[in-house]
Amino acid sequence: MSHLFRSIHGLLFVLLFIVIATGQEPAKQIGLVRSLDSPAAPGSAEPNLYAAPDGRVFLTWIEPAGSKGHRLQFAMRDGSSWSEPRTIAEGANFFVNWADFPSLVALPDGPLVAHWLVKGSPDSHAYDINVSRSSDTGKTWSKPILPHRDGTKSEHGFVSMLPWGRGRVAAIWLDGRNFKGGSPDGHGSSANEMTLRYTTIDAKGKVSEDMLLDSRVCDCCQTSAAITADGAIVVYRDRSEKEIRDISLVRFHKGRWTEPRTLSVDDWEIHGCPVNGPTVSADGRQVAVAWFTAAKDVPRVNIIFSSDAGATFSQPIQVDEGAPVGRVDVLMLADGSALISWLERTPKGGEVKVRLVRPGGSRGQSITIAESSAARASGFPQMARAGDEIIFAWTDPGTPSRIRTALGTFVQGK
């Protein structure tokens with residue numbers, strides 16, 4: 001089945017039919033995908049999307065602030081368009097990195113919690129996490145606090161946040177406090193060990209004691225976390241003593257964190273961080289995890305499913321078209337299927353692709369959402385789901401760069 005794609009100066013008009021071939025009537029398809037006027041200004045980059053259970057979708061991004069440095073902005077979609085942007089924070093000390101981007105979550109009792117990164121020292125690879133809370137839908141924000149209290153001049157970033165009950169938020173991040181020498185960001189030195197850590201922050205800003213989840217992980221790949229019916233699940237790129245950097249997971253189950261375990265034995269040996277983290281999404285006990293690997297020098301984007309909240313997983317399913325850059329995102333759908341996006345390399349640069357996949361291995365057609373680039377400036381495309389609507393956000397790496405957004409709607413297959 002064919003599709004129509006046009007992209008002119010960031011305008012998007014796509015007629016998509018993503019159909020799952022199961023031998024029966026298709027369960028889902030995406031109808032019209034149209035451009036949404038982006039609330040982000042020229043120069044904007046590092047988009048992140050968060051879908052709240054009540055249907056609101058939040059977009060955060062960083063944009064230049066002139067002599068003030070940079071500002072962290074957000075907008076909310078609750079209806080047919082984005083709200084006017086609001087500023088969470090701004091400053092000349094922002095640590096701005098194409099792969100380590102800010103985020104925002106909405107807590108069930110109303111507050112919003114956001115995080116961003118600030119330089120911890122003149123060394124560009126030493127930076128800290130700032131977390132701030134708003135109780136008035138983002139009009140005002142609390143004084144930022146640090147979820148980590150080790151006091152070292154090292155890397156703290158690649159944060160995942162989750163609502164944690166009783167007004168608390170959980171933060172999971174990569175922490176470089178155990179660096180023992182070599183370059184300050186840990187690259188190229190087996191002595192430097194990045195760790196994965198967790199803490200909670202309550203409504204009054206009290207930070208609980210942080211907990212070590214994994215003592216040796218990949219240095220600069222994104223973490224991802226989701227809430228299942230049985231508790232939280234966190235996925236990340238691990239790092240063995242032999243420089244095998246496959247995907248691992250930990251679960252918060254029955255009040256405690258499990259030991260790390262490998263999600264899939266790709267056996268990707270790489271002596272340096274690929275800057276390409278996994279992503280996880282959950283709906284009840286249904287879980288989907290997507291990731292990039294280039295084991296044996298063959299690049300692949302895989303997805304894997306669980307029907308028991310991450311206790312066990314099926315075999316991986318490859319979804320790319322043969323030349324993936326990675327930079328994946330995934331959305332678990334209520335019918336057990338998942339929508340996965342990734343960046344595919346093309347002769348002209350790159351394309352943001354999306355595909356619907358079922359746990360049994362059936363795959364819909366891959367669809368181009370936007371023309372892009374394989375360069376760092378194109379960042380990490382994002383997706384969020386609100387009911388039967390899918391919001392897409394990505395960075396148009398023009399001069400200047402600018403975040404673009406689009407809307408797709410699921411309809412029942414005929």
Side-chain angles (χ1 to χ4, degrees), residues 95 97-101 115 117-129 131 146-161 170-200 207-225 232-252 256-280 289 291-295 326:
F95 181 84
N97 181 281
W98 69 285
D100 197 351
F101 36 82
H115 102 272
L117 307 173
V118 297
K119 297 176 182 177
S121 79
D123 191 315
S124 63
H125 288 289
Y127 59 93
D128 297 323
I129 302 162
V131 176
L146 275 62
H148 50 89
R149 294 176 291 178
D150 54 287
T152 64
K153 298 300 182 182
S154 60
E155 179 181 322
H156 307 82
F158 298 97
V159 180
S160 292
M161 295 195 301
I172 301 100
W173 71 95
L174 300 190
D175 190 298
R177 69 182 67 177
N178 289 347
F179 286 174
K180 299 176 182 178
S183 61
D185 64 346
H187 302 306
S189 172
S190 60
N192 286 329
E193 294 183 344
M194 186 70 73
T195 63
L196 181 73
R197 294 181 180 267
Y198 145 90
T199 194
T200 61
V207 181
S208 66
E209 184 176 357
D210 68 64
M211 181 180 296
L212 179 67
L213 301 183
D214 195 319
S215 62
R216 182 181 171 90
V217 303
C218 198
D219 309 279
C220 48
C221 282
Q222 297 82 12
T223 64
S224 182
I233 182 170
V234 178
V235 295
Y236 57 98
R237 190 174 297 282
D238 220 331
R239 180 188 178 197
S240 77
E241 295 289 343
K242 296 182 178 180
E243 300 295 0
I244 303 300
R245 304 196 187 217
D246 289 346
I247 305 305
S248 289
L249 65 91
V250 291
R251 301 166 61 222
F252 191 78
R256 60 181 293 273
W257 287 100
T258 63
E259 291 295 316
R261 81 173 194 268
T262 302
L263 180 70
S264 173
V265 182
D266 301 328
D267 203 27
W268 187 14
E269 181 180 349
I270 176 173
H271 293 259
C273 179
V275 196
N276 228 318
T279 182
V280 61
V289 181
W291 73 97
F292 172 83
T293 180

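Index from 1, following the sequence. Just so it is clear, the structure is predicted and the values come from calculations on it, not from any experiment.
R239 places no side-chain N or O within donor-acceptor distance of the main-chain N or O of D219, the cut-off being under 3.5 Å.
Classification of E259 and R261 as a salt-bridged pair fails, no side-chain N sitting under 4.0 Å from a carboxylate O. Ionic pairing of D267 and K242 is not present here: no N-O contact between side-chain nitrogen and carboxylate oxygen is shorter than 4.0 angstrom.
You'll find the side chain of P274 reaches within 4.5 Å of the side chain of R237, heavy atoms only.
Checked against side chain to side chain contact (heavy atoms under 4.5 Å, CB included), S248 has the following partners two or more places apart in sequence or in another chain: Y236, D238, T262. Residues passing the side chain to side chain contact (heavy atoms under 4.5 Å, CB included) test with D150 are H148, T152, S154, H156, D175, R177, sequence neighbours excluded.
A pairwise comparison of heavy atoms in F158 and T223 identifies O-OG1, 2.8 Å as the closest pair. Considering every non-hydrogen atom in both F292 and W268, the closest pair reads CE2-CH2, 3.8 Å.
Using modelled atom types, one finds a donor on one side chain and an acceptor on the other under 3.5 Å when comparing Y127 with D100. S208 and T199 form a side-chain donor-acceptor contact under 3.5 Å, judged by distance and modelled atom types alone.
Between M194 atom CE and N178 atom CG the span is 10.0 Å, to the nearest 0.5 Å.
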L117/D128 under side-chain contact (heavy atoms from CB on, under 4.5 Å): CA gap, chis, key distance, verdict: CA-CA 6 Å; L117 307 173; D128 297 323; over 6 Å; no
